[in-house]
Amino acid sequence: MFCHTEHNQRLFLRRFVLRMESAVEVQRGAAAIKEQFLTTKEQFHEFLASGRPRQSTDEADGDSEEPSGEPEQKRVRLDSDGDKKKKKRGQNKSRPHVKPQSYEDRRLCPSIVQERDTKCFYGEKCRFLHDASEYMSTKAADLSDQCYLFNSFGWCQYGVTCRFAKAHTSPELKNLRNQDLCRRSTDTVRNLLDKELQRRLRKKQERFPGAEAYLKTVSPSSLVMTKPVDGADAPVKTVGPITDADIIKLRPCEKKQVDFRDKLYLAPLTTCGNLPFRRVCKRFGADITCGEMAMCTNLLQGQTSEWALLKRHASEDLFGVQLEGCFPDTMTRCAELLNQNIDVDFVDINSGCPIDLVYKKGGGCGLMTRTSKFEQIVRGMNSVLDVPLTVKIRTGVQQNCSIAHKLIPEMKKWGVSLITLHGRSREQRYTKSADWEYIDTCSKLAAPVPLFGNGDILSYEDAMKARETGVSGIMVARGALIKPWLFTEIKENRHWDISSGERLDILRDFTNYGLEHWGSDTQGVEKTRSFLLEWLSFLCRYIPVGLLERVPQKINERPPFYMGRDYMESLMASQHVDDWIQIRSVYSVFLTESRTFKACNKKIQICCLKH
C-alpha cells in the first residue's frame, strides 16, 4: 500500500515537473494562445487543404489546356531525375526563376505601347513586335476588367500590355483616357533618375567639386581612392557672377533643421521596405520614413535599380535615404550627388548592417571598428550636404563587447544630427532580446543630440517601456513588417484586434500601390506578387489579439499551430509558401475592385462547405 502511494506521488511529481518545464518553454519561446484555438500540425494543414479548389477530372488526366501566361507551378525535383548536383534547401527552390526579360516570349515595342507619332528608331532591326493585334493573340489573359491606374489617374501608361487592358482599350486597340481624371492627377513620385545625369555618371563625366575640395584636406595615405573622374581637375566653367554661396560654406546652424524628437521612425528595411510598403505604414501613422539601403558605388555608376531605391512618394512628408559605403571618397561624392539631384530631408549612414558581404568590405558594422575612416566619412558627407546627416549603429560587433558608448561622444564632435541605436550586436543578429538598459545609457551620452532606440517593438506597451528610457524617439523595424498597424496602436495606446477582412484590405492597398510603382504589365504584376509573398513571410507571424492568452505578443515568440476565428485568419497564420500563394490567388480576382474583402472571405467559406 505504501509502495503504491509512493509510486503515485512520484508519478504526480514527474507530471508536475514536466508541466512546469513546458510552461517555462512556452514563456521562453512560444506565444500563449487560448486552449480552444490550439491544434496540431496535421489538423491545421488538413483544415487549410479543405478550402483549396480541387483539381478537375480533365486536369488530373493531363488534358491539354490553353496557356494562361502565368509562371509555371512549383515542381518538386525527384531523385530519379539524374541530377547529381547538391539539392538546394528551402520551400520554393525548385520554382523556376523567371528573368525580367523573359516574362513574355514576344514583347510589344515601346513605340507602339506609348503610341508615338514617330516610327521606331530601330526600324526593321527592332527585336520587338510592331503589330498590336499579333501581340494580343499571344498575350496572357487579363486578370480583371478594372485597372487601378486608369481608375486613379485617368490613363494607364502600359496600354495594351497592361494585364487589366480591357478597362482602357478601345476595339481598335487604342489606349483610352479619362480627361477629367488626367487633369486632376499630379506626379506623386519624386527622385527619378534623369537620363542625362545617368549618361554622365556612366561615362564618368560628372564632377564633384565639393567632395574633391574636402578630400584634398585629408591625408592621402588614409584614403583608398577610386579611379579619378574624367575632367575632375579641369577648371570649373562658371555662368554669371559668383555669389556668396559659391565661396562661403553653410554653417551647421544654417543647414535645414529637422525636428526628430517624439516621432515614430519606420526603419530602412532591405527588400521589404519598398515604396508601396512605406505608403501602407504612412497611412497607419508612421512619422519618418527612409528608403532601402543603397550602395554608394552603384549610385555613382548610375545603376537604374539602385536609384529606384531613392524614390519618394508625395505622402512621405519626412523622408530620408540610407547609404552604405566604406571609403570617404565614394561616400562624400555620393552625398554631393544626392544633395544636388534629389529631394530628401536627411541622409543616413548605414553602420549597423550585419551581412557578411557588407561587413567584410569594411562597411555596415565594420565602420564601428574603423573609427578613422568613419570620422572621415561623416565629416566629408557633412561638408557637402545641405540636410542633416544621421547614423544608424548597433551596440557593437562582438556579443559581449559593446563599443557604441565609446563612439557616440565622438560622433557628436563629428557633427551628426541623429543617432539610431539597435540594441543588439552584429553577432547576435536577432537572437535574444534588445538591450534597452544599454540604449538608455547611450541616450544620456548622446545628449543634446537626439538618439532613437530600436529593437523588439511589437506593441504599444513595448513602446511605452521604451519611452521610459531617455531616448528621443522609437524606430520600428520587424514589428512594422509583422503588423503595420502598430503605429496606430502606439499613437492610440491600445491593442487592435484587427479582423482578417481588415488585414486583407491592407494587402489590397499594398497590391494597388505595387501596380502603381512597379507597373501593371506582366513584369510589374510579377514583381508585385514577388514582394507581396516576401512580406507575407513576416505577416504570418502575427497572432490576433483575441486568440492570445497573454497580451501582448512578444516579437521573439513563435506562434504555435492554431485555428483562427475564420478560414482566412487560419490561412494567414500558415508559414508554408503554398498557402501564401493561395492568399495571393484568392484575392487576385478582386485586385482592383472597390468592395471589401469580407465578400472574398465569405466566398472561401462557402467553398469549404461545398468540399
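Throughout, residue positions are numbered sequentially from 1 according to the sequence presented.
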Under a 3.5 Å threshold, yes or no: a donor from one side chain and an acceptor from the other, between Asn175 and Glu115? no
So, do Leu264 and Ile288 sit near enough that their side-chain heavy atoms are less than 4.5 Å apart? no
Going by an N to O cut-off under 4.0 Å, is there a salt bridge joining Asp521 and Lys527? no
With Asp142 via side chain to side chain contact (heavy atoms under 4.5 Å, CB included) - residues at least two apart: Lys139, Ala165, Lys166
Do Val347 and Thr390 come close enough that some side-chain heavy atom pair is under 4.5 Å? no
Between Thr138 and Arg106, is any side-chain donor less than 3.5 angstrom from a side-chain acceptor? no
Quick one: OG on Ser520 to CG on Leu149, what's the gap to the nearest 0.5 Å? 4.5 Å
Check this for me, if you would: do Arg467 and Asp262 make a salt bridge, where the nitrogen-to-carboxylate-oxygen distance has to be below 4.0 angstrom? no
Considering only heavy atoms from C-beta outward, does the side chain of Pro544 approach that of Tyr542 to under 4.5 Å? yes
Side-chain contact test, heavy atoms from C-beta onward, threshold under 4.5 Å: evaluate it for Leu418 versus Asp348 and give yes or no. no
Pro354 meets the side chain to side chain contact (heavy atoms under 4.5 Å, CB included) criterion, sequence neighbours left out, with Arg394, Arg426, Arg429
How many angstroms lie between atom CH2 of Trp580 and atom OG of Ser537, to the nearest 0.5 angstrom? 5.0 Å
Can you tell me if CD on Glu35 sees more than 12 non-hydrogen neighbours from other groups inside 6.0 Å? no
Can you label the angle between the Phe284 ring and the Trp485 ring as parallel, tilted or perpendicular, going by 30° and 60°? perpendicular
Salt-bridge test for Lys41 and Glu46: reply yes if a basic N is under 4.0 Å from a carboxylate O, no otherwise. no
Residues in ring-ring contact (aromatic ring centres under 6.0 Å, His included) with Tyr135, at least two apart? none
I need the minimum non-hydrogen distance between Ile506 and Pro484, along with the two atoms involved. CG2-CG, 4.3 Å
State whether the side chain of Lys282 and the backbone N or O of His313 hold a donor-acceptor pair below 3.5 Å, judged by distance alone. no
Between Phe510 and Trp535, how do the two ring planes meet: parallel, tilted or perpendicular, split at 30° and 60°? tilted
Show the numbers, then the answer: is there a side-chain contact (heavy atoms from CB on, under 4.5 Å) between Lys392 and Asn350? CA-CA 5 Å; Lys392 187 175 186 294; Asn350 186 330; 5.7 Å; no
Please report the shortest heavy-atom distance between Tyr562 and Ala573, naming the atom on each side. OH-CB, 3.2 Å
Could you tell me whether Arg190 and Asp187 make a salt bridge, using a distance below 4.0 angstrom between a side-chain N and a carboxylate O? no
One pair to check against side-chain contact (heavy atoms from CB on, under 4.5 Å): Asp287 and Leu318. What are the steps and the verdict? CA-CA 7 Å; Asp287 297 315; Leu318 189 49; 5.8 Å; no
Kindly determine whether Ile482 and Ile555 satisfy side-chain contact (heavy atoms from CB on, under 4.5 Å), including the steps that lead there. CA-CA 9 Å; Ile482 297 172; Ile555 199 166; 4.1 Å; yes
Under the salt bridge (Lys or Arg N to Asp or Glu O under 4.0 Å) criterion, do Arg550 and Glu557 qualify, and how do the steps go? CA-CA 12 Å; Arg550 182 187 69 251; Glu557 289 179 343; 2.7 Å; yes
Using 4.0 Å as the upper bound for N to carboxylate O, is an ion pair formed by Asp509 and Arg279? no
Dump the intermediate steps for ring-ring contact (aromatic ring centres under 6.0 Å, His included) on Phe277 and Tyr513, then the final yes or no. CA-CA 8 Å; Phe277 174 75; Tyr513 297 157; over 10 Å; no
Ion pair present between Arg478 and Asp456, side-chain N to carboxylate O less than 4.0 angstrom? yes
Contact summary for Ile543 and Pro559, nearest pair of heavy atoms: CD1-CB, 3.5 Å
Which heavy atom of Trp496 sits nearest a heavy atom of Val545, and at what distance? O-CG2, 3.7 Å
Sub-4.5 Å side-chain heavy-atom contact between Phe531 and Pro276: no
Should the pair Phe561 and Phe44 be assigned to parallel (<30°), tilted (30 to 60°) or perpendicular (>60°) ring geometry? tilted
Is it true that Lys483 and Glu489 have a side-chain N and a carboxylate O under 4.0 angstrom from each other? yes
Please work out whether the ring planes of His168 and Phe150 are parallel, tilted or perpendicular, with thresholds of 30° and 60°. tilted
Is the shortest side-chain heavy-atom distance between Thr289 and Cys281 below 4.5 Å? no
Should the ring pair Tyr430 and His422 be called parallel, tilted or perpendicular, given that the plane angle runs from 0 to 90° and is split at 30 and 60? tilted
When you check the gap from the basic side-chain N to the acidic O, do Arg312 and Glu316 get nearer than 4.0 Å? no
Return the CZ to CG distance between Arg163 and Leu143, rounded to the nearest 0.5 Å. 4.5 Å
Is Thr420 close to Tyr265 at the side-chain level, that is, under 4.5 Å between some pair of heavy atoms? yes
